[in-house]
Colleague: 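Below is a structure I'd like to ask you about.
Counting convention: from 1, in listed order, for ligands and their atoms alike.
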Amino acid sequence: MSVTEASHIGRPTNRVDGPLKVTGQARYAAEYPAPDLLYGYLVGSTIAAGRITAIHLDLARSVPGVVEIFTHENRGKAAWLDRSWRDEVAPPGHPFRPLHSERILFDGQPIALVVAETYEAARDAASLIHAEYETAEHCTELERKRSEAYVPPEKRSGIPPPPDPRGDAEQAFEEAPVKISRDYRVNAEHHNPMEMFGTTCVFEGEGRLTIYDKTQGSQNAQGYVTSVFGLKSKNVRVVNHYVGGAFGSGLRPQHQLFFAVMAAIELERSVRVSLTRAQMFHIGYRPDNFQTVSLAADREGRLQSIMHDVVAATSRYEDHQEVVVNWSGMMYHCDNVKLSYRLAKLDTATPCDMRAPGAAIGVTALECALDELSYEVGIDPLEIRRLNFASKDENTDKQFTSKALHACYSEGAAAFGWNERKPEPRSMRERQELIGWGVSTGMWDAFLQKAEARAKLSADGRLEVSTAASDIGTGTWTILTQIGADAFGIPLEDVTARIGDSTLPTSPVEGGSWTAASNGSAVQAACEAVKQTLFKHARKMANSPLAAAELEDVDVSKGRIFRRDDPGRSLTIVEVMHAADLQAIEETGKVGPSLLQMTKYVSYTHSAVFAEVRVDEDLGVVRVTRVVCAVAAGRILNPKTARSQILGGVVMGIGMALHEEGITDHRLGKIMNHNLAEYHIPAHADIEDIDVIFVDEHDDKVSPLGVKGIGEIGIVGTAAAVANAIFHATGKRVRDFPITIDKLIAA
Ligand code: MOS
């Protein structure tokens, strides 16, 4: 049985959850009602390192409505061993254990939870808590820790360390006629999804909890809760139907989950805990980093040597790791490559993944450096990229399952009008504005993860597909509905998707841009299994018109199962189920990476990003007036939601280029701009024309659906394209991101 002619897949389709969201009916974690609900408010440490010597609660306890205040002195029982606290995506180290002891590891660390009958009472009481500390020396400044950088002794699962050097990069660099060596930095960025972290833990009695949590993985959160509190899986259900953005911040369980569950267990009441916007700045961040990229080429621009060294921030207690430098060994063809990645410990919370973790910063440095090299060689920045195209992954010597990057370059360049570019910096202007055009390549993983799904076809022709995936704004609800509808040739309205619930078939966290490929393929496999069962029953019927047919001869559409070569020979689903005395047919489907294939192939998404900036020559104000992002990501299930993902990625890339940075007062070890007035993210006025192109890319190996995933590729390369455009406009190279006005004027 082959896939029915696709009529929903590939079509720009509105979000099936859209009406619920715009009418306010879609409930987020902190919006679920519960009888006798209590409200928790967290109090954060005001020092970055040391210990609590006393904590004064009397004033707070006297606030009417306060039910309990938890500190390290009276917290509930929780696991002792590190491994019980380690969630599915935790890095190696000692996971943070809230209220575990009097020790302070970072500024803003939760030191108390006030629980009250109202949120206002809890918040009021929290403001009256006074802690005394014995401070220890702290360091939040990466620059001061560079000399102590180390190679992480234990690798984080799923994060390959840099490959061994190949060739002799140092010697090739020495001997090459054209070379550059530059230092780059992308300052720490903080997570600001629209929805802040919140948990409503409903105390159901008899030891059962229903937990509405803002998370990217209901089953990861469930596993954390059961192992931290020693509960049975069947008694803990985690629901995350709707997630108001997460971008990696919800991969690991956040503080509010621990606190809401701990308080609910201790008080035997339902408890809600949510973080404030300011508290969101203490939950982990895109790590600050120092990078050095050295590139050498022959006189035509062919790369002779690539060296890329990175020191990135981590916390005192965990070795957070990302793939930062490996990209530099596989994006371009080069025989001599040397890459290194080290960490330095700061007195901060453990950094956390943020959209395209690693690539977003590493590729930024590489792509700026390659731009600098193109001017040294004297060739077009797009040309140097084409010239150095890598036709296999030279880090591992494996083939790409597909790589339509040349199409990204040419279709992107055509849409942008790159041919009109004048090569000289400062050669394009309109009145007081200097105009610059920049380009960058982008690259991100195309993973297929283990995932399971269930499909249930009812006699009335309705279909339900379910998997414990999350939709973090990406469009998962919609694409799973489309896949189900196409499998049975039925309208979207006849399909119900069920996701965001730990009781559903096993799913990884929604991350790494793998959900469409993984959960989507699992749903398709489950639907195929249902069709097979349906066919088996259809063939068995008395005088069945399909008696002589084989599975591959038949198809299902619009409530009928029929012979493809003679559609008149058919049965209705109702007839088949009636004859078999069934109300519904329910089957499961499973997918996962093929180990055999992984020995030969690697899979990545690719992109080419073109940016136009206009820079006010006197004031240094930068406007990004046009971006064209051409993406090769295999089969696109829904061009509308896919486009939205790329738009969002590009906007975040513009934020990285021009706006976002956590500013710490290193004397105090405190983040100073923990609000959206002082931590700048792009607003509507910062975003002008963004054009998204999906180039044709057929890939029958990457995933059963031919899908690669598009959640992260949009950010990769965008900051570099903007920086390169700023250089082209102004002749000034700023290598310290974000490129703010002060840096540009001083350059
Ligand atoms: Mo993504 S940073 O894996 O949510």
Side-chain angles (χ1 to χ4, degrees), residues 87-91 156-160 186 188-195 197 213-221 240 242-254 280 283-287 289 312 314 320-324 326-327 349-364 442-451 468-476 499-500 507-519 603-605 633 641-642 644-646 648-653 655-656 660 707-719:
D87 69 279
E88 211 173 288
V89 288
R156 181 180 178 198
S157 156
I159 305 295
V186 182
E189 293 186 314
H190 289 268
H191 275 288
N192 279 288
M194 213 186 302
E195 181 200 14
F197 281 90
D213 183 40
K214 177 192 171 123
T215 173
Q216 288 174 244
S218 56
Q219 290 171 335
N220 189 29
N240 65 335
Y242 303 103
V243 181
F247 310 104
S249 60
L251 291 170
R252 301 186 68 188
Q254 293 291 8
M280 294 284 290
I283 58 166
Y285 58 99
R286 192 195 289 285
N289 55 88
T314 191
H320 173 78
Q321 292 160 63
E322 306 176 346
V323 177
V324 184
N326 303 21
W327 313 99
T350 302
C352 84
D353 292 318
M354 186 190 255
R355 206 172 204 166
I361 55 178
V363 172
T364 296
M443 191 172 183
W444 182 249
D445 297 278
F447 293 108
L448 177 71
Q449 297 284 9
K450 266 175 141 167
S470 317
D471 187 332
I472 61 174
T474 41
T476 310
I499 61 170
S507 170
V509 292
E510 171 134 359
S513 300
W514 58 55
T515 301
S518 311
N519 299 81
S603 294
Y604 291 92
T605 49
T641 48
S644 290
Q645 284 303 299
I646 303 301
V650 168
V651 170
M652 279 179 89
M656 175 180 279
E660 295 194 47
V707 164
K708 283 186 173 176
I710 28 71
E712 288 163 296
I713 184 68
I715 191 175
V716 186
T718 297

Colleague: Taking atom types as modelled, is there a side-chain donor on Asn519 or Ser507 under 3.5 Å from an acceptor on the other?
Modeller: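 The answer is yes; a qualifying pair exists.
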
Colleague: For ligand 1, which part of Pro357 has a heavy atom less than 4.0 Å away: the side chain, the backbone, both, or neither?
Modeller: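 Side chain only.
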
Colleague: Relative to the heavy atoms of Arg355, which atoms of ligand 1 are at a distance of less than 4.0 Å?
Modeller: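 Those atoms are 2 (S).
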
Colleague: Between Glu712, His191, Met354, Glu322, which one has a non-hydrogen atom sitting closest to atom 1 (Mo) of ligand 1?
Modeller: Glu712

Colleague: Donor-acceptor check, side chain of Arg355 to backbone of Ala360, threshold 3.5 angstrom: yes or no?
Modeller: no

Colleague: So, is Leu251 polar-close to ligand 1, with some N/O to N/O distance under 3.5 Å?
Modeller: no

Colleague: Does any N or O in the side chain of Asn326 come within less than 3.5 Å of the main-chain N or O of Pro160, such that one atom is a donor and the other an acceptor?
Modeller: yes

Colleague: What distance separates Ile283 CD1 from Phe197 CZ, expressed to the nearest 0.5 Å?
Modeller: 4.5 Å

Colleague: Is a side-chain donor or acceptor of Asp353 paired with a backbone partner of Pro357 at a separation under 3.5 angstrom?
Modeller: no

Colleague: Do the rings of Trp327 and Trp444 sit parallel, tilted or perpendicular, given the 30° and 60° boundaries?
Modeller: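 Judged by the thresholds at 30° and 60°, the geometry between Trp327 and Trp444 is parallel.
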
Colleague: Within the 4.0 Å heavy-atom shell around Phe247, which atoms of ligand 1 are there?
Modeller: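 Counting atoms of ligand 1 from 1, those under 4.0 Å from Phe247 are 2 (S), 4 (O).
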
Colleague: Residue-level breakdown please: for Gln216 versus ligand 1, do any non-hydrogen atoms fall below 4.0 Å on the side chain, on the backbone, on both, or on neither?
Modeller: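 It is the side chain that touches ligand 1; the backbone stays farther off.
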
Colleague: Looking only at protein heavy atoms, which one is nearest to atom 3 (O) of ligand 1, and what is the separation?
Modeller: Gly512 N, 2.7 Å

